[in-house]
Amino acid sequence: RLAQLAAEAKAQEEAEAKRLAEEQAKAEEAEQDRLAQLAAEAKAQEEAEAKRLAEEQAEQERLAAEEKVTDDPKTDEVQTPVATDAVAKSMENLTKLTDESKMQQEDLLDKLSQSIDSKQKDLDDLKEENDLSEQGIVRDKPKVFKSVSAENAALESLQVEIDGLIESQNSKISELEDLYNERLKEVPNEDDAVNVFYLRKIRGLKSQQRQVRQAKANLLTKLEDIKVATEIERKRRIKRAAYDNQEARYLKDRAALNLIKENTPVSSIPLTEDDFDFGERQNNIQIIKDVKNVDSGYYLVIAVHSDVSKRDEFLTKTVSSGQSDVDFFYDVSTSKYFIYHKKFDNIESAKSAIESKGNKPYDSNMSIVKIENQ
């Protein structure tokens with residue numbers, strides 16, 4: 001019995017060992033297949049990259065050869081061969097026109113470059129002015145805004161003119177190439193002096209056109225960057241100017257209030273409600289957000305005026321009635337002055353104050369305004 005059990009256990013062990021060996025073999029085979037696949041993909045990628053680089057190198061060498069023809073001083077020194085046939089004469093005349101167009105394109109690109117440099121200078125000056133302003137330094141003569149629409153119109157006109165010349169030059173080159181091919185049929189000798197000269201000329205003109213298009217694209221990219229940056233700086237300047245104007249108004253308003261309080265005696269004759277102009281009447285509770293130089297809270301407003309003289313008149317009468325704690329704040333969103341003499345941190349206290357306001361003539365039109373500052 002024991003011998004039989006031992007034999008069965010051994011058989012099971014051998015079967016399990018065989019199963020594990022087979023699984024291990026399959027796993028190793030699968031891993032080898034995976035590694036082989038990865039190696040094949042990597043090799044394919046390397047070959048594709050090598051092919052791409054070879055093609056790029058060939059293209060660069062081709063372009064370099066054409067550039068050499070264009071830039072070689074000896075090429076410029078070569079005189080136009082004497083035209084002995086009609087096609088050659090046509091090519092000679094057309095070549096003169098391409099040379100004129102080439103110079104015109106260069107002149108217009110120079111003008112475009114100078115215009116863009118001018119806009120860059122304006123941007124640099126504007127940015128410097130904004131930076132100095134934020135540091136509290138004000139220039140004696142702030143830079144004046146130029147007419148953006150006029151500048152843009154001039155630049156667009158220049159671009160249209162350049163595009164027209166590029167298109168015209170391309171047409172001349174195509175026509176010159178057609179004439180060259182026509183003559184090559186009549187004089188099928190690529191070593192012929194006329195054929196050699198105009199083949200080089202065509203290649204040189206094409207190379208120049210690529211340079212012109214690239215130069216124009218680079219200039220327009222720079223121009224677009226300048227436009228974006230200039231708009232940002234213009235907004236900075238406008239925002240700063242608005243802030244400065246608010247600060248100047250606040251200081252002027254404080255000076256006017258102090259002057260009224262210091263120079264207005266209490267009237268010996270009691271004033272009545274009819275003596276006061278309360279301005280715009282308020283209903284219920286009004287909420288005003290982001291009021292500078294004033295704390296958040298609930299204000300018991302007694303008058304609202306847009307006109308400074310009416311504001312000062314109400315303030316003067318209120319002070320002469322014995323209320324020296326009168327004050328006001330300015331809401332830039334509505335351009336209105338809100339006159340008050342009490343402020344609370346919660347709505348319950350504000351309502352309670354209105355209910356017990358008494359019979360002071362300047363309190364006859366009292367309302368609650370809540371200021372919410374971030």
Side-chain angles (χ1 to χ4, degrees), residues 47-116 154-223:
E47 291 176 350
E49 180 67 11
K51 181 180 179 182
R52 185 185 66 80
L53 292 175
E55 291 175 350
E56 286 186 357
Q57 180 66 24
E59 180 66 12
Q60 290 175 1
E61 290 176 355
R62 186 184 68 79
L63 294 176
E66 292 186 4
E67 297 290 346
K68 186 175 181 181
V69 171
T70 304
D71 299 334
D72 188 352
K74 294 181 180 179
T75 302
D76 295 334
E77 294 173 2
V78 175
Q79 294 183 350
T80 305
V82 177
T84 57
D85 54 83
V87 177
K89 290 180 181 178
S90 297
M91 287 195 290
E92 181 179 1
N93 293 331
L94 190 55
T95 298
K96 292 178 182 179
L97 295 179
T98 61
D99 290 339
E100 292 175 1
S101 293
K102 174 176 174 289
M103 294 179 61
Q104 291 174 349
Q105 285 182 146
E106 292 174 350
D107 289 342
L108 289 180
L109 283 175
D110 285 341
K111 289 181 180 180
L112 180 60
S113 179
Q114 291 171 11
S115 298
I116 292 174
L155 283 168
E156 287 177 6
S157 175
L158 195 54
Q159 291 175 49
V160 169
E161 196 172 353
I162 292 173
D163 288 340
L165 269 178
I166 290 176
E167 185 176 352
S168 174
Q169 182 74 329
N170 289 341
S171 296
K172 291 185 180 71
I173 294 172
S174 295
E175 186 178 350
L176 184 60
E177 194 168 21
D178 290 341
L179 289 171
Y180 167 79
N181 290 328
E182 180 181 342
R183 189 178 192 279
L184 196 59
K185 292 178 182 178
E186 297 177 2
V187 184
N189 180 6
E190 293 184 353
D191 294 330
D192 174 76
V194 173
N195 289 343
V196 170
F197 177 84
Y198 285 107
L199 178 60
R200 288 185 174 182
K201 188 67 178 179
I202 291 168
R203 288 176 175 173
L205 288 169
K206 287 183 177 180
S207 176
Q208 291 163 5
Q209 285 303 93
R210 284 194 295 272
Q211 294 175 23
V212 167
R213 289 193 295 271
Q214 187 59 53
K216 174 176 173 284
N218 293 341
L219 287 172
L220 294 184
T221 297
K222 181 180 179 181
L223 176 60

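Because the structure is a prediction, the values reported are computed rather than measured.
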Only counting residues at least two apart or in another chain, list the ones meeting salt bridge (charged side-chain N to carboxylate O under 4.0 Å, His left out) with [X].
X	result
Asp107	none
Lys111	none
Asp178	none

From [X] atom [atom1] to [Y] atom [atom2], the distance as rounded to the nearest 0.5 Å:
X	Y	atom1	atom2	value
Gln208	Arg210	CD	CZ	10.0 Å
Gln104	Ser168	CD	OG	8.5 Å
Leu165	Gln169	CG	CD	8.0 Å
Gln211	Arg213	CD	CZ	10.5 Å
Leu176	Ser171	CG	OG	12.5 Å
Ile202	Phe197	CD1	CZ	10.5 Å

For [X], check side-chain hydrogen bond (donor to acceptor under 3.5 Å, both in side chains) against everything at least two apart and list the hits.
X	value
Gln214	Asn218
Asp85	Arg183
Ser115	none
Glu106	Lys102

By side chain to side chain contact (heavy atoms under 4.5 Å, CB included) - contacts of [X] (at least two apart):
X	result
Glu100	Leu97
Ile116	Leu112, Leu219, Lys222, Leu223, Ile226
Lys216	Leu109, Ile162, Asp163, Ile166, Leu220

> Under the salt bridge (Lys or Arg N to Asp or Glu O under 4.0 Å) rule, what pairs show up with a residue in residues 164-177, not counting sequence neighbours?
Replying inline: Glu177-Lys206
> Which pairs pass salt bridge (Lys or Arg N to Asp or Glu O under 4.0 Å) with one or both residues in residues 87-96, sequence neighbours excluded?
Replying inline: none
> Minimum heavy-atom separation for Asn195 to Tyr180, with atom names?
Replying inline: O-CE1, 3.3 Å
>> Would you say that more than 12 heavy atoms from the other residues, nucleotides or ligands in this model lie under 6.0 Å from the CD of Glu186, or not?
In response: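 Yes, enclosed.
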> Do Val194 and Met91 pass the side-chain contact (heavy atoms from CB on, under 4.5 Å) test, and can you show the C-alpha distance, the side-chain angles, and the key distance before you say yes or no?
Replying inline: CA-CA 10 Å; Val194 173; Met91 287 195 290; 4.2 Å; yes
>> Looking at Thr95, is its backbone amide N or carbonyl O close enough to the side chain of Thr98 to form a donor-acceptor pair, meaning the two atoms are under 3.5 Å apart?
In response: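 It does hold such a pair.
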> Counting only N and O atoms by type, is there a donor-acceptor contact under 3.5 Å from the side chain of Thr221 to the main-chain atoms of Ala217?
Replying inline: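 Yes; judged by distance alone, with no hydrogens or angles, the pair exists.
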